[in-house]
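These figures come from a predicted structure and were not determined experimentally. By convention in this document, chain letters (A, B, ...) are assigned in the order of the sequence lines, proteins followed by strands, and residues within each chain are numbered from 1.
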Protein chains: 2
Amino acid sequence: MNVTLRQLRVFTGVYRTRSITRAARELGITQSAASLLIQQLEAQLGVKLFDRSTRSVQPTLAAGEAFAAAERMLSDAQGLSRRMRDLAQARAGRVVFLASAGTASALLPMVLAKFRASHPDIEIDMRDVAADDLVPRLSTTDAEFAIGSAEGEFADMTIETLTSGRLSAIGRRTADFAARRSLTWDELAQLPTIAMRSETRIRMQIDQALSAQGKRLDPTYEVTLINTALAMTAQGLGLAILPATMLPADQFSTLIARPLVRPALTRPVSLLQRQGRTLSPAAQAFVATARMVLAGRTAQASG
Amino acid sequence: MNVTLRQLRVFTGVYRTRSITRAARELGITQSAASLLIQQLEAQLGVKLFDRSTRSVQPTLAAGEAFAAAERMLSDAQGLSRRMRDLAQARAGRVVFLASAGTASALLPMVLAKFRASHPDIEIDMRDVAADDLVPRLSTTDAEFAIGSAEGEFADMTIETLTSGRLSAIGRRTADFAARRSLTWDELAQLPTIAMRSETRIRMQIDQALSAQGKRLDPTYEVTLINTALAMTAQGLGLAILPATMLPADQFSTLIARPLVRPALTRPVSLLQRQGRTLSPAAQAFVATARMVLAGRTAQASG
DNA sequence: GACATTCATAGCAAAAGCTCATGAATTGAT
DNA sequence: ATCAATTCATGAGCTTTTGCTATGAATGTC
């Protein structure tokens, strides 16, 4: 057999109180059990730890040394328990995840804000990544999950759609524009438009879908960052061609989105997880927040 | 129940090997036992530690954190065991003891030398103390035992005589002196003598014994340190009046001791221990060495 | 000298731990 | 595609450990 923490607990108790009886009481066991545990410990260490008579319990020199080590181990044990409990309750920890660039800039800030409010001590490591890299990176890095637009099936991956936004024209709330329920892609040809560069995923999806119908988007401006497009739109330079989800209502209160139809295109925002891997409690909490916030957002956008 | 080292041992094994089966083999238990222990640990910490399928055992993030703590505790446990074993075998440790000034300077150096040869890693803390302080200091300080001349009975003290020396005249090995078997105290009156100061214990014993017989020692020189007396004797300044045991043969090869008689006085060198207190293994080893060396010395002095 | 306190030990009951046997899932080979 | 092999989980049964109660021995107190 080997030394046990139980023995050490009794040992430190006896060392401190100089009494087996008192230590036993502290630990909620009987004196005889404590006595036995001390004897076991002595036997296992091969050292006399206490000079005991019926009247006194004097620690030996060896006990003094052992005490320090024992205390350390016990406090480590307690620290471990506490730390794990904190992790379990998502009161501590770290969430490492991937986000596609668009999601990271437009959608996740509000999730982050909400999450930080409810879980102030959790460290967040959001890594923004090109949409194409989402899946490969998730398999190889230590990120626990990924949020972004990924479609299709992937081996060893779970995909769950958190929200999806219809491809929309985003413009200033003018009487004209606000009156529209939707716009067709064809109508856009007449108007100044701001779209994402053709290297971006959003744009590729648009171009593919349109060309399948023999159509083509000919934007007035092409930009890389979603925020740039929105800022330009707010300045009245044109309509931004983006999923409705990408419009942060709180940041651009003057802008509204109107779905584009013929064809109607939707762009999902998905949660990717590695199959068979449990998320850390902190990550679970974060994902829950994301689901909540984004679900709310879908309702908003559609209403 | 609480976390046990047993669980942690299995845990670290599984963490390292990424396999319950392999870890179980390493620890010499069955796979099912290991599986159970991991489940227990998870339950107690409230955290999932491994994502297990029949094919793989992947540590979670929490496991990574727990691993560090677990390893530390286990290595502490091992360190504790090893350290205690070393202490038990007197391969490590520290001996704290008291020695009366005379013993410390004349008798113990050779004990120390011998002990150091056989137990090189044991630290020695010898505290020299006035003979009167021997007993009071032993009760109050952390010294484990004391060596010196103490006579009588003391509460809670064990006294064991290690050796005893007859009060002798110590002088240079001249033909005259060497021829003598002994000297009487009366004869000393005619000769130049070097004695300890009257505050010292040795001197007090002498004065007391002689005055009981209506005699009196009238030394030519009085000194405080035994070594001084011997050095003076070696210079031919007179005969040193000391217990024969106080003559270190190796240091003063020119000197010899001849017992004083009428009355013949002996001065014990004793080992004092606190009753009911176990000596540390290191101290036991030291005491054993002292017994051996000093017993040998008695034989030498008497032969 | 009676009393109270404290540690040790023995007997017994309860709990925990381990092994064996078996089942389910998954991988790799034929 | 089926079969064999590997791996983890689970349940039954046995062994060991643990803890409690009761009692004894020693020691200090009034």
Inset, instruction - Ignoring hydrogens and angles, state whether a donor on the side chain of A:Thr17 or A:Ser19 is under 3.5 Å from an acceptor on the partner side chain. - result: no
Rounded off to whole Å, could you give me the [atom1]-to-[atom2] distance for the [X] and [N] pair?
X	N	atom1	atom2	value
A:Asp51	C:dA8	CG	P	11 Å
A:Leu37	D:dC20	CG	C1'	13 Å
B:Arg22	D:dC8	CZ	C1'	13 Å
A:Leu36	D:dT16	CG	C1'	14 Å
A:Ile38	C:dC7	CD1	C1'	12 Å
A:Asn2	D:dT16	CG	P	19 Å
A:Arg25	C:dC7	CZ	C1'	13 Å
B:Gln40	C:dA16	CD	P	9 Å

Indicate whether OP1 or OP2 belonging to [N] is found under 4.0 Å from a side-chain N or O atom of [X].
X	N	answer
B:Arg52	D:dA9	yes
B:Gln7	C:dG17	no
A:Ser19	C:dC7	yes
B:Ser53	C:dT26	no
A:Arg6	D:dG19	yes

Inset, instruction - Would you indicate whether the side-chain heavy atoms of A:Leu80 and B:Leu8 approach each other to under 4.5 Å? - result: yes
Legend entry - Any side-chain heavy-atom pair of A:Thr4 and A:Gln40 under 4.5 Å: no
Grab the N/O contacts between the protein and nucleotides 21-23 of chain C below 3.5 Å, and write none if there aren't any.
none

Inset, instruction - Looking at every strand, decide which applies to A:Gly28 at a 4.0 Å heavy-atom threshold: base, sugar-phosphate, or nothing. - result: sugar-phosphate
Inset, instruction - May I ask you to say what A:Ala33 touches in the nucleic acid, namely base, sugar-phosphate or nothing, with a heavy-atom cut-off under 4.0 Å? - result: sugar-phosphate
More than 12 heavy atoms of other residues, nucleotides or ligands under 6.0 Å from [atom1] of [X]: yes or no?
X	atom1	value
B:Lys114	NZ	no
A:Gln78	CD	no
A:Arg91	CZ	yes

Legend entry - B:Thr60 side-chain N/O to B:Lys48 backbone N/O, donor-acceptor pair under 3.5 Å: yes
